[in-house]
Amino acid sequence: MTDILQTHSLNDNQLKAVLNDDKPMIIFAGAGSGKTRVLAYRMKHLIELGVEPRSILAITFTNKSAKEMKRRVSEFAQNESPVVGTFHALCARILRENADIIGYSSHFVIFDSGDQKVMIKRIIKEMDISTSMYNPSKLISTFSKYVREMINIDDIDQFTLRQKNMIKIFRKYKADKLQSDGMDFDDLISNVVLLFTNNPDILQKYQERYRHLFVDEFQDTNAIQYKLLSLLSKKYRSICVVGDDDQSIYRFRGADIRNIDRFLIDFKDATVFKLDQNYRSTKSILMLASDVIKKNFHKTKKQLWTDNVKGDPVKFLRTATDRDEAYKVLSIIKKEHNNGVKFSDIAVFYRTNSQSRIIEMQLAGEVPYMIVKGHRFYDRKEIKDIVSYMQLVQNGESNVCFERIVNVPSRKIGKKTIELLKIAADKNGLSLFDAIGVLMQQKKVSGLLSFYKLIKEAKGIDNVVNLFNFIITKSGYVDMLKNKGDTVSENRLANIEELRNAVIEHSKKEDSSLEVFLDGAALTDDSDDATDDNVNLMTLHASKGLEFPIVIIVGADDGIIPHSNALIDQDQMQEERRLFYVGITRAEKRLYILSSEIRMMAGMMHGYKVSRFVAKQFKENKYFLGDHKWK
DNA sequence: GTCAATGTCATTTTT
DNA sequence: TGACATTGAC
């Protein structure tokens, strides 16, 4: 305690939160108020009081914040440190230790959203249902909702006919997953909840293991995640959650802000803390942020303030077309850079991914840039293919992986052969892979046979690096790309090299098993911290948790932000406003907000009004610095 | 079984 | 506009 007091300057509220008793507590932490710091110091404090570091569990939503938290924690916990991880990583770990109890093997594979889509599509086809009525992506999000809100699908009476049909598909999907020995992201959470609910002894084991809970971005938890938290914290009630209702932007994915109320009811004795001093932004920026967000409904009054300088006024610029807007982005970047700002200190935010193209076109060749979170590394085709090979080696039951790669590179195995395989598999209750043996007795298919041998041989390799090398060469994958020889293929080869590095890195770890590697591949984004000096382009969603000296927000138009689909719905409108608020509060020094009269959307020219969120500011030119010399 | 030509549809998406 | 999926021709 004395250590914390002497070495670090925490403000009053921060210090109180850090030193609070080991009881339930909730911290309302405004944007830029130093919450990560508070969490880290609080852990440090607990450890100094004699708490075992490894009995502290800090749960985050993103790998990015987990990483940041780990970094902070490592500053004071050298030998032994608290456990930091995402909800999903934590659950995967628990399930690997207990999967047999809920009917899976400990080698279960993790299906990502791409795998889900493939499975759902196949089911729809098998059940002969028209995809126009039941769109796969919609189904996936509905199913996700069933799981995350713990909806009882056996309660038939409450559903419409359409819903009943969807539930049929859902059941089949569930059965397929179990048969393939795989879980999707939602399953990871719900299966742990199931495990804990049905097995009090196991729950107790984990309650003992993780006696002290910390939860970041609490406003983004959904119902089942809350359930998990309440199970884990039930015994020792040492739980510290941090959140900001103004930064809740994932309602559409099930984040339920009412969890804050639930928490306050379930933990009546919880102490409430508010961090309202902002250390990030200038007064001008913060003033705009407050102006925007105050139109939302608020449960708790919280007024962010700062001791920082007033700084430059926020600049509002209305252009004629989206091309002009993009050009303006370029000229702002150039101007800032000429004044000594690093490219990597500049960020451009937009509402939808499609808006990035026109900006990229303007920046290309003029200014270095990178798109943050465009494509996840592990989502790239070639990476998914190779990982699928590895998954199949790990777990022959996984039909999704099988179908993905059985004919990549081409082994002359087409629809017909797969159909035959499926029939053989169904008849004998086998996986597609194991059904090869049966099919071979009736009909010889040389491609299948060599594939079968390939995987069998691979199963005998127990070192991940050797396995990886075996797969990429013996499968013919690398040769296939080399033979194509175009730039796309060269790129893919480079990505495979990158994957090789990841495999090699993994092999140096304490637990270098294939499973752990594959868990990482499914659950981790590999976006290494950019070391190059690039301008950062990203969606407003992706900007959460980040900060940049210079921020440019484009598309401040009604119908863009707020998005056209949100115009009629009050709740969605509030979420759009929070999203915009998140974008604004990322800025440290200077903020530019751009809007355009006309822009090309979905192949058509559209006229737009200035976003209602800042229409007043545009009109009054309140923060406007005239600057019309561009074209 | 593979490939090119048409049709269709366009939010956000921590894992 | 352009990404992507499904269809139809070889």
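Chain letters run A, B, ... following the sequence lines, proteins first, then strands; residues in each count from 1. All of these numbers come straight from a predicted model, not from anything done at the bench.
Each of C:dA3, B:dG1, B:dT2 was ranked by its minimum atom distance to the side chain of A:Thr417; first place goes to B:dG1.
As rounded to the nearest Å, B:dT12 and C:dA5 have P atoms that lie 16 Å from one another. Annotation: B:dT11 and C:dT6 have their C1' atoms spaced 24 Å apart (nearest Å). Atom P of B:dT13 sits at a distance of 15 Å from the matching atom of C:dC4, rounded to the whole Å.
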Output a table of nitrogen or oxygen pairs between the protein and nucleotides 6-8 of chain B separated by less than 3.5 Å.
none

Measure all distances between protein nitrogen or oxygen atoms and nitrogen or oxygen atoms of nucleotides 12-15 of chain B, and list the pairs falling under 3.5 Å.
| residue | atom | partner | partner atom | Å |
| --- | --- | --- | --- | --- |
| B:dT12 | OP1 | A:Asn353 | N | 3.2 |
| B:dT12 | O4' | A:Arg351 | NH2 | 2.9 |
| B:dT12 | N1 | A:Arg351 | NH2 | 3.4 |
| B:dT12 | O2 | A:Arg351 | NH2 | 2.6 |
| B:dT13 | OP1 | A:Thr539 | OG1 | 2.9 |
| B:dT13 | OP2 | A:Asn353 | OD1 | 3.0 |
| B:dT13 | O2 | A:Arg253 | NE | 2.6 |
| B:dT15 | OP1 | A:Asn63 | N | 2.9 |
| B:dT15 | OP1 | A:Asn63 | ND2 | 2.8 |
| B:dT15 | O3' | A:Leu523 | O | 2.9 |
| B:dT15 | O2 | A:His88 | NE2 | 3.4 |
| B:dT15 | N3 | A:Arg253 | NH2 | 3.2 |
| B:dT15 | O4 | A:Arg253 | NH2 | 3.0 |

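By the 4.5 Å heavy-atom criterion applied to side chains, A:Ile560 and A:Arg599 are counted as neighbours. A heavy-atom distance below 4.5 Å is found between the side chains of A:Lys544 and A:Asp220. No side-chain heavy atom of A:Lys174 sits under 4.5 Å from any side-chain heavy atom of A:Tyr146. A 4.5 Å side-chain heavy-atom check between A:Ile358 and A:Glu325 finds every atom pair outside the cut-off. Counting heavy atoms from C-beta on, the side chains of A:Asp322 and A:Met601 never come closer than 4.5 Å. The shortest distance between side-chain heavy atoms of A:Arg404 and A:Val118 does not fall below 4.5 Å. Under the 4.5 Å side-chain criterion, counting only non-hydrogen atoms from C-beta, A:Asp184 is not in contact with A:Ile140.
B:dT6 takes the anti form, because its glycosidic angle lies more than 90° either side of 0.
Proximity of a side-chain donor or acceptor of A:Ser410 to a complementary backbone N or O of A:Asn407 within less than 3.5 Å is not detected.
Heavy atoms of other residues, nucleotides or ligands lying less than 6.0 angstrom from NZ of A:Lys422 number more than 12.
Per the geometry, NZ belonging to A:Lys117 stands 13 Å off P belonging to B:dC9, to the nearest Å. The distance between atom CD1 of A:Ile418 and atom C1' of B:dG1, rounded to the nearest whole Å, is 12 Å. Separating the CD atom of A:Glu360 from the C1' atom of C:dA3 is a distance of 14 Å, rounded to the nearest angstrom. Rounded to whole Å, the distance from CD1 on A:Ile568 to C1' on B:dT11 is 14 Å. In this structure, CZ of A:Arg411 is placed 12 Å from P of B:dT2, rounded to the nearest angstrom.
Across all strands, A:Leu188 comes closer than 4.0 Å to no nucleic acid atom at all (heavy-atom distances).
For A:Gly414 and A:Gln572, each mapped to the nucleotide of DNA chain B holding its nearest heavy atom, the one lying further toward the 5' end belongs to A:Gly414.
Consecutive Watson-Crick or G-U pairing (both distances under 3.5 Å) extending over three or more pairs maps onto DNA chain B as B:1-10 with C:1-10.
Taking the six-membered ring where tryptophan is involved, the planes of A:Phe170 and A:Phe143 are tilted, since the angle between them lies from 30° to 60°.
Pairing each heavy atom of A:Leu448 with each of A:Leu439, the nearest pair is CD1-CD2, 3.8 Å. Looking at every heavy atom in both residues, A:Ser611 comes nearest to A:Ile561 through OG-O, 2.9 Å.
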